Q: 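Pasting in a structure now, in structure tokens, and then I'll have a few things to ask.
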Amino acid sequence: MDFKKISSVIFGVIFIIILYVIIYYALKIMYKDVKTGGKRRPSKSKKVHGIEVIKALENHDLKPGSVIPVMNSITIGRRDDNSIVLNDQFVSGHHAKLYLRNDDFILEDLNSTNGTFVNDNKITGRVKLKVEDEIKFGGTIFRVID
């Protein structure tokens with residue numbers, strides 16, 4: 001046999017093997033997508049945070065002991081388009097935002113007039129919350145829970 005024929009046969013066999021491997025992995029990925037409906041499974045390590053109502057003014061729908069889970073983000077303020085509406089003269093229209101970033105629970109003051117307080121300390125901008133931190137908006141107090 002000629003060296004050119006041998007090398008072309010080897011090249012052809014290697015090419016076919018590589019092609020089959022690529023097709024196999026493509027089909028494996030498509031099978032997983034079809035099996036799960038294209039949805040990713042939720043991470044088991046992701047924590048679910050929430051806030052518990054400690055003190056609420058009488059004109060609020062919130063009751064002490066109520067728990068509000070925070071899955072993505074919630075906004076707090078006096079306007080009706082917030083997730084939590086607080087009818088308090090010391091709460092701004094869009095007062096603050098609570099959200100999750102990776103495994104961190106973040107509170108962001110949205111330039112409120114009277115401020116947002118964490119453990120009786122006025123915050124500016126963003127702050128990382130811990131379990132048992134107390135958050136105060138006007139006359140309403142929440143506690144961070146896990």
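No experiment lies behind these values; they were computed from the predicted model shown. The basis for the numbers below is simple: all heavy atoms, side chains too, and nothing from hydrogens, waters or symmetry mates.
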Q: Test of understanding: clusters of I, L, V, M, F, W, Y form through side-chain heavy atoms closer than 4.5 Å, transitively. Do M30 and I22 belong to the same one?
A: no
Q: Show your working on side-chain contact (heavy atoms from CB on, under 4.5 Å) between D88 and R78 and close with a plain yes or no.
A: CA-CA 7 Å; D88 184 337; R78 204 169 33 189; over 6 Å; no
Q: Looking at I68, I145, I141, which one forms a side chain to side chain contact (heavy atoms under 4.5 Å, CB included) with E52?
A: I145
Q: Determine, step by step, whether V118 and V144 satisfy the side-chain contact (heavy atoms from CB on, under 4.5 Å) criterion, reporting the C-alpha distance in whole Å, the side-chain angles of both residues, the deciding distance to 0.1 Å, and the verdict.
A: CA-CA 10 Å; V118 175; V144 177; over 6 Å; no
Q: In Å and rounded to the nearest 0.5 Å, what is the CD1 to CD1 distance from I16 to I18?
A: 11.0 Å
Q: Same cluster or not: I29 versus V21, using hydrophobic residues (I, L, V, M, F, W, Y) connected whenever any side-chain heavy atoms lie under 4.5 Å apart?
A: no
Q: Quick check for you: to the nearest 0.5 Å, what is the distance between D104 atom CG and L129 atom CG?
A: 10.0 Å
Q: If you round to the nearest 0.5 Å, how far is CZ of R143 from CG of N119?
A: 10.5 Å
Q: Mind listing the closest non-hydrogen atom pair of L110 and H94 along with its distance?
A: CB-O, 3.5 Å
Q: Mind checking whether I74 and I51 have side chains closer than 4.5 Å, heavy atoms only?
A: yes
Q: Taking atom types as modelled, find out whether N114 and H95 have a side-chain donor-acceptor pair closer than 3.5 angstrom.
A: no
Q: Indicate, with yes or no, if F11 and I14 share a hydrophobic cluster defined by side-chain heavy-atom contacts under 4.5 Å among Ile, Leu, Val, Met, Phe, Trp and Tyr.
A: no
Q: Does F90 CZ have over 12 foreign heavy atoms under 6.0 Å away?
A: no
Q: Can you give me the closest heavy-atom contact between L62 and L86, atom names plus distance?
A: CD1-CD2, 3.7 Å
Q: Run the side-chain contact (heavy atoms from CB on, under 4.5 Å) test on I84 and L98 for me, step by step, so that the C-alpha distance in whole Å, both residues' side-chain angles and the decisive distance to 0.1 Å come before the verdict.
A: CA-CA 11 Å; I84 300 174; L98 281 165; 5.8 Å; no
Q: Output the distance between atom NZ (K128) and atom CZ (R101), rounded to the nearest 0.5 Å.
A: 12.0 Å
Q: Would you say D80 has more than 12 foreign heavy atoms packed within less than 6.0 Å of its CG?
A: no
Q: In terms of the angle between their ring planes, are H49 and F105 parallel, tilted or perpendicular, with boundaries placed at 30° and 60°?
A: parallel
Q: In Å and rounded to the nearest 0.5 Å, what is the CD1 to CD1 distance from I135 to I54?
A: 10.5 Å
Q: Check whether S92 reaches the backbone of T113 with its side chain - one donor and one acceptor, N or O, closer than 3.5 Å.
A: yes
Q: Looking at V67 and P69, what are the two nearest heavy atoms and their distance?
A: O-CD, 3.7 Å
Q: Testing the basics here: between T116 and A96, what is the closest heavy-atom pair and its distance to 0.1 Å?
A: OG1-CB, 4.1 Å
Q: When you compare the side chain of Y99 with that of N72, does any pair of heavy atoms fall below 4.5 Å?
A: no
Q: What are the two closest heavy atoms between V53 and F142, and how far apart are they?
A: CG2-CE2, 3.7 Å
Q: Taking 4.0 angstrom as the limit, do K97 and E108 come out as a salt bridge?
A: no
Q: For the atom pair CZ (F137) and CG (D109), what is the distance rounded to the nearest 0.5 Å?
A: 8.5 Å
